[in-house]
Amino acid sequence: MDVIVLGIESSCDETGVAIYETGVGLLGHTLYSQAEMHAQYGGVVPELASRDHIRRVIPLIDQLLDRVGLSSQQIDGVAYTAGPGLMGALMVGACVGRSLAYGWGVPAVGVHHMEGHLLAPLLEGEIPEFPFIALLVSGGHTQLIRVDGVGRYQLLGESVDDAAGEAFDKTAKLLGLGYPGGPALSELAKQGNPDRFHFPRPMVDRPGLDFSFSGLKTYARNTLQQNSDDPTIGADVARAFEDAVADTLAIKCRRALRESDLRRLVVAGGVSANQRIRARLQEIAEGERGEAFFPRVEFCTDNGAMIAFAGALRLDAGESSGLAIEVSPRWPLSELPAVH
Amino acid sequence: MSSKILAIDTVTEGCSAALLIGDEVVERFEITPRGHTQRILPMVDELLSEADLTLAELDAIAFDRGPGSFTGLRITAGVVQGLAYGAGLPVIPVSSLAALAFALYRENQNRNILAAIDARMGEVYCGYYRINDRGLPALVGEESVLLPNKIIKQQGPWAGAGSGFESYREELKECLRENLIHIDGNALPHAKDIARLALHEFEQGRVLSSEEAQPVYLRNQVVHQKS
């Protein structure tokens, strides 16, 4: 039987809610981003994030139910992000979500945020079959994972220092693009000359599937300093930086596909919204006579839809959380149970 | 018909839920500084099943709106929002400081109470309350967060209640001197007092909708803007 699940995401600085119906698909979603509020502080202020979540979450749920034309009696379960993320921010979504489920008399499930991202490409459109290689690439993570099914994740490699998205934001800061500057850096890179600078591709000459991105930021800083009299240097540095990240990700993805003898590459997380990176990974997958799968751009960054979806899969498999409300700010993907 | 109100409080080290039916209040209370999220819904569930009631059969949900620990405030507010929205119930906010004042009045018959909760960073959340002729605490002046030695003097004498008197006993004694006649520094807000105070609000028709179950932090300067 199909189930309708409400999903709530509040792990960082976006409050997202969505409703997903198994066998049908996404019925609706909505999101409030706090990015503008945090921008003036140069990063997410956890206490302010929590204070904002607790003001937004019920009105967003109420608006969404109204918009999709569902009454609360039609909801069969509630999913909320239980980690990883900011403790206080997670706590808001978990307390509201778990209690709402109790109030409605339906089961609830705490969802792993990164599983949400990882499964987002399966939410709609052309859906990849298991097994596949997943690249999770965001402000907090850069991981290559072999996925054999829901909850069957094998970590193949990850960043040993900065996440790719973090490197974008830090380099953007060097370029005076504010916070979070990743998307602005990509915009600037469009005007850059791709042949002027060649940044290193870190760790590609070593075996294995780990990444390192902190050196690129230093390389960018040095390049800027050496050319400080050039007013157009920013765009060229942005372009060289973006190409280096895209190329490094692509080289490791190709290696992961070859070593695992798989053809399907699934890419998710905030950085997967980047068009140059998408194009590069698409190229790599096709070069391996395979296919690359991406979520639609708005589901690359944090959103409620991926939580409703992952929660629906787990509720449908009979999982549910007890009355104790649990959140895990640190929570390895490998600890998740498999869904059979 | 007698009113039925559920009350929730997780804003200090105490974690409690209470169910008021008419004049009777049953409470679950534990001191569990890190276990609020684990315990609060099981407490609610136990109270309801013992009374053979469902959430939807209640009239309202009362909650401690603070001041108190920021995380604790949001656990209460989040749980109350979820329960109230889910069951279609109104909510009733009650001050943690008023709850402390009310408890001391019921236990020790003091009618003038200075309630103070340790606010960390060397400060206390505090408010003066006088018990009115209906036996309810009425705020004198405003609730505030300040250094214990900056408390504004009010004509007393006053009895002191709350963790502020445990953490800053000497400072508060020094500041209030002969104005302070009795101290209960171990007092914590209890859901049973929240429930009783909420009943009065409910009878006056003073209720809010679920999304209005919001914390009162008092301390709003939580970040120093970078230049």
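Naming convention: chains lettered A, B, ... in sequence-line order (proteins, then strands); numbering from 1 in each chain. Because only heavy atoms are used, hydrogens play no part in the values below, and waters and symmetry mates are left out as well, while side chains stay in. Quick caveat: nothing in here was measured; it's all calculated off a predicted structure.
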A.B. asks: Side chain, backbone, both or neither: which part of B/Glu211 has a heavy atom under 4.5 Å from chain A?
C.D. replies: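 Both backbone and side chain of B/Glu211 come within 4.5 Å of chain A.
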A.B. asks: Output the distance between atom CD (A/Glu47) and atom OH (B/Tyr217), rounded to the nearest 0.5 Å.
C.D. replies: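 That separation rounds to 6.0 Å.
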A.B. asks: Below 4.5 Å from any heavy atom of chain B, which atoms of A/Val106 appear? Answer side chain, backbone, both or neither.
C.D. replies: neither
A.B. asks: Got more than 12 heavy atoms from elsewhere within 6.0 Å of CD, B/Glu142?
C.D. replies: no
A.B. asks: Top residue by heavy-atom pair count (under 4.5 Å) with chain A, among B/Asp45, B/Ile40, B/Thr54?
C.D. replies: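 Between B/Asp45, B/Ile40, B/Thr54, the count favours B/Asp45.
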A.B. asks: Mark yes when over 12 heavy atoms from residues, nucleotides or ligands other than A/Asp2 sit less than 6.0 Å from its CG; otherwise mark no.
C.D. replies: yes
A.B. asks: With a cut-off of 6.0 Å (strictly less than), are more than 12 heavy atoms of other residues, nucleotides or ligands near CG of B/Asp52?
C.D. replies: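 No, not enclosed.
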A.B. asks: Please look at B/Leu55 and chain A and tell me whether the side chain, the backbone, both or neither of the residue comes under 4.5 angstrom of a heavy atom of that chain.
C.D. replies: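 For B/Leu55, side-chain heavy atoms alone lie under 4.5 Å from chain A.
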A.B. asks: Got more than 12 heavy atoms from elsewhere within 6.0 Å of CD, B/Glu24?
C.D. replies: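 No, because the 6.0 Å sphere around CD of B/Glu24 holds 12 heavy atoms or fewer from other groups.
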A.B. asks: Tell me whether the count of non-hydrogen atoms from other residues, nucleotides or ligands lying under 6.0 Å of CG in B/Leu147 goes above 12.
C.D. replies: yes
A.B. asks: Just verifying a value: how many Å separate B/Ser209 OG and A/Ile58 CD1, rounded to the nearest 0.5 Å?
C.D. replies: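 One gets 10.0 Å once the value is rounded to the nearest 0.5 Å.
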A.B. asks: By a 4.5 Å heavy-atom criterion (distance strictly below it), what part of A/Ile8 contacts chain B: side chain, backbone, both, or neither?
C.D. replies: neither
A.B. asks: To the nearest 0.5 angstrom, please state how far the CG atom of B/Leu73 sits from the CZ atom of A/Arg51.
C.D. replies: 8.5 Å
A.B. asks: CG/A/Leu323 to CD/B/Glu46 distance, rounded to the nearest 0.5 angstrom?
C.D. replies: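 Output value for this atom pair is 9.5 Å.
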A.B. asks: Which heavy-atom pair separates B/Gly78 from A/Ile54 by the least distance, and what is that distance?
C.D. replies: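 Shortest heavy-atom contact: N-CD1, 3.5 Å.
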A.B. asks: Given the options B/Gln214, B/Gln81, B/Gln38, B/Arg74, which has more heavy-atom pairs under 4.5 Å with chain A than any of the others?
C.D. replies: B/Arg74
A.B. asks: Heavy-atom distances under 4.5 Å only: say whether B/Leu48 touches chain A with side chain, backbone, both or neither.
C.D. replies: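 For B/Leu48, side-chain heavy atoms alone lie under 4.5 Å from chain A.
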A.B. asks: Got a second to check how far A/Ser99's OG is from B/Leu83's CG, nearest 0.5 Å?
C.D. replies: 4.5 Å
A.B. asks: Any side-chain heavy atom of A/Tyr102 sitting closer than 4.5 Å to one from B/Val79?
C.D. replies: no
A.B. asks: Side chain, backbone, both or neither: which part of A/Ser72 has an atom under 4.5 Å from a heavy atom of chain B?
C.D. replies: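 Nothing of A/Ser72, per the 4.5 Å heavy-atom cut-off to chain B.
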A.B. asks: Is B/Glu212 salt-bridged to A/Arg55, going by a charged N under 4.0 Å from an acidic O?
C.D. replies: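 No, no charged N to carboxylate O under 4.0 Å.
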A.B. asks: Is A/Val327 close to B/Thr37 at the side-chain level, that is, under 4.5 Å between some pair of heavy atoms?
C.D. replies: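 B/Thr37 vs A/Val327: side chains apart.
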A.B. asks: Distance check, rounded to the nearest 0.5 Å: A/Ser321 atom OG versus B/Leu41 atom CG?
C.D. replies: 11.5 Å
A.B. asks: Is any side-chain heavy atom of A/Val96 closer than 4.5 Å to one of B/Tyr85?
C.D. replies: no
